[in-house]
Amino acid sequence: MSKNLASFRQRGVARLRFGETPFDVLNDFLNNLNNINKDYLDGLPKWSGTFKQKRLLEYIFFITEELKLDPSVGYHAIELLQRFMVKHVADTLAKLPIQSVAIKEAKSYGDVIFDNLKDKFPLILFSCVQLANKLFLHCDMIDTSTAVEFLHSLGLSVSKQTLLESELMVFKGVEYRLDVRNSLTYVEVILEVLGHNEPTMPVEHLHQLCHNVLQFVTLNQTTIYECLLRSVSKCVSPSREQRETFVTVTEDRMLLGVCVIAVATYILFFKKWKQVVGELSHITGITRRNIANFAQVIIVHIVSGRSSAV
């Protein structure tokens, strides 16, 4: 299958190279990202972060890799999927009568929503990738014929019309707002600022490793954040209230960005670990302790993962 899929997309990524952004623009961009992150955390809707199961994220990364898309497309698609699902759940629950037969027969509200959406979900996921890719104007778009052929290769028999309808449904579901900020953007911008502030720090060497660390954290975020929650709360079984409050941590893109960089530094340049953590704290305002605590949890999971593989 891989040989056939390789023929679908033969492209080069033409986005601005890492390290080429002027510092004044970069600094403004970082401030803007920080404001966006704060506003998002201040108004987190219910069910935020709920739809980040490892299997779903693996599908998204698989699609972007097989179609040779820019790595940012995958992370952007993840954000779009979360926004769409949160809005869809809220809208669906608002329309369901509390005493409806469907709810009485179902085990939970989630069962009702899933039953109504499960047949469409593979297309919804793919549509998120499609919409995310369209934001990268420097890249060739995935035309409808290529998309249909790709889905057929995965055993999904869909028409062009069905594909377009799914894309429109997702587009409406995110209220026509595709300009969300994904976690990779935070990592790369913070890393570039770090390079400007610390010229002796070889951030170019950290760049690819940061991509790898971010993907690892993204795919294993359920267990990683659970471990962090237990560490912070000092409780083996955190309460519902503690979990609800902790959502602001799991959804904090700035925190994730600095910790990914801290972990990559720990792996490649351990002697500069404290220096980099201090600079990351200075750049973002996140305390050294919080950066170190989260980074250590990630490192433990990386090491345990390698041990299991061996």
Side-chain angles (χ1 to χ4, degrees), residues 15-16 18-19 21 23 25-42 44 48-49 52 57 61 70-79 82 132 179-198 201-221 224-225 228 246-269 272-299 301-302:
R15 69 172 176 165
L16 191 64
F18 178 79
T21 308
F23 182 67
V25 175
L26 194 62
N27 192 50
D28 289 342
F29 195 20
L30 178 63
N31 289 332
N32 184 47
L33 286 178
N34 188 43
N35 291 332
I36 291 173
N37 189 56
K38 287 181 178 179
D39 290 342
Y40 175 60
L41 295 178
D42 288 341
L44 278 178
S48 293
K52 294 185 178 180
L57 306 186
F61 285 136
D70 189 292
S72 288
V73 172
Y75 291 100
H76 211 90
I78 290 172
E79 296 301 324
Q82 306 313 307
D179 58 338
V180 295
R181 295 293 177 262
N182 64 71
S183 53
L184 181 57
T185 300
Y186 281 89
V187 170
E188 294 194 327
V189 171
I190 297 171
L191 188 59
E192 286 205 52
V193 173
L194 175 65
H196 280 283
N197 290 1
E198 292 290 341
M201 190 66 195
V203 293
E204 295 81 6
H205 297 294
L206 287 174
H207 186 224
Q208 183 55 52
L209 183 56
C210 282
H211 276 242
N212 297 337
V213 173
L214 178 60
Q215 186 176 73
F216 177 86
V217 176
T218 301
L219 290 174
N220 297 280
Q221 56 189 300
I224 289 176
Y225 280 113
L228 181 61
F246 194 70
V247 173
T248 57
V249 176
T250 64
E251 293 297 294
D252 192 334
R253 301 289 177 270
M254 193 68 75
L255 174 64
L256 176 59
V258 296
C259 290
V260 164
I261 297 170
V263 170
T265 302
Y266 185 93
I267 295 172
L268 283 185
F269 307 106
K272 293 182 176 291
W273 156 260
K274 290 184 178 180
Q275 175 189 350
V276 169
V277 169
E279 186 57 39
L280 290 173
S281 177
H282 172 73
I283 292 172
T284 63
I286 300 173
T287 66
R288 298 186 184 200
R289 181 178 180 180
N290 286 343
I291 296 174
N293 287 345
F294 191 9
Q296 288 170 5
V297 170
I298 296 172
I299 292 168
H301 279 78
I302 291 176

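- Between Q221 and T250 the shortest side-chain heavy-atom distance does not fall below 4.5 Å.
- Across L255 and F294, no two heavy atoms sit closer than the pair CG-CD2, 3.8 Å.
- Listed by chain and residue number, Q275 satisfy the side chain to side chain donor-acceptor pair (under 3.5 Å) test with E198 (two or more places apart in sequence, or in another chain).
- Counting only residues at least two apart or on different chains, no salt bridge (Lys or Arg N to Asp or Glu O under 4.0 Å) pair has a member in residues 272-281.
- Taking both residues in full, the closest heavy atoms of A132 and H76 are given as CB-CB, 3.8 Å, listed atom of the first, atom of the second, then distance.
- Residues H301 and V217 are not in side-chain contact: their nearest non-hydrogen atoms beyond the backbone lie 4.5 Å or more apart.
- When atom types are taken as modelled, the side chain of Y186 and the backbone of L33 share a donor-acceptor pair closer than 3.5 angstrom.
- From I299, atom CD1 reaches atom CD1 of I267 across 6.5 Å, with rounding to the nearest 0.5 Å.
- F246 pairs by the ring-ring contact (aromatic ring centres under 6.0 Å, His included) definition with nothing, not counting sequence neighbours.
- With a 4.5 Å cut-off on side-chain heavy atoms, I261 and V213 do not count as touching.
- For residues 248-257, the set of pairs meeting the salt bridge (Lys or Arg N to Asp or Glu O under 4.0 Å) definition, not counting sequence neighbours, comprises K52-E251, E79-R253, E251-R253.
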Take V180 and Y40, measure what side chain to side chain contact (heavy atoms under 4.5 Å, CB included) needs, and give me the verdict at the end.
-> CA-CA 10 Å; V180 295; Y40 175 60; over 6 Å; no

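- Interatomic distance, OG of S183 versus CG of L214, reported as 4.5 Å (0.5 Å rounding).
- Residues satisfying the side chain to side chain donor-acceptor pair (under 3.5 Å) test with T248, not counting sequence neighbours, are none.
- In this structure, C210 and V187 approach most closely via the heavy-atom pair CB-CG1, 3.9 Å.
- Considering only heavy atoms from C-beta on, N34 stays 4.5 Å or farther from T284 through its side chain.
- Here the side chains of I302 and F216 are in contact, with some heavy-atom distance below 4.5 Å.
- Listed by chain and number, the residues in a side chain to side chain donor-acceptor pair (under 3.5 Å) with N27 amount to none (sequence neighbours excluded).
- A 4.5 Å side-chain heavy-atom check between N37 and R181 finds every atom pair outside the cut-off.
- At least one side-chain heavy atom of L30 sits under 4.5 Å from a side-chain heavy atom of M254.
- A donor-acceptor contact shorter than 3.5 Å is absent between the side chain of H207 and the backbone of V203.
- Distance CG/L191 to CG/L206: 6.0 Å, rounded to 0.5 Å.
- When the salt bridge (charged side-chain N to carboxylate O under 4.0 Å, His left out) test is applied to D39, no partner is found at least two apart in sequence or on another chain.
- How far CG of N220 is from CD of Q215: 10.0 Å, rounded to the nearest 0.5 Å.
- N35 meets the side chain to side chain contact (heavy atoms under 4.5 Å, CB included) test with no other residue; sequence neighbours excluded.
- The ring-ring contact (aromatic ring centres under 6.0 Å, His included) search around F61 returns Y75, not counting sequence neighbours.
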What's the verdict on side chain to side chain contact (heavy atoms under 4.5 Å, CB included) for V263 and L209, showing C-alpha distance, side-chain angles and the deciding distance?
-> CA-CA 9 Å; V263 170; L209 183 56; over 6 Å; no

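- Put simply, the side chain of Q296 never gets that close to the backbone of N293: no donor and acceptor are under 3.5 Å apart.
- A262 is linked by a side chain to side chain contact (heavy atoms under 4.5 Å, CB included) to W273, V277, L280, I291, A295, counting only residues two or more places apart in sequence or in another chain.
- For T185, the side chain to side chain donor-acceptor pair (under 3.5 Å) criterion is met by N182, not counting sequence neighbours.
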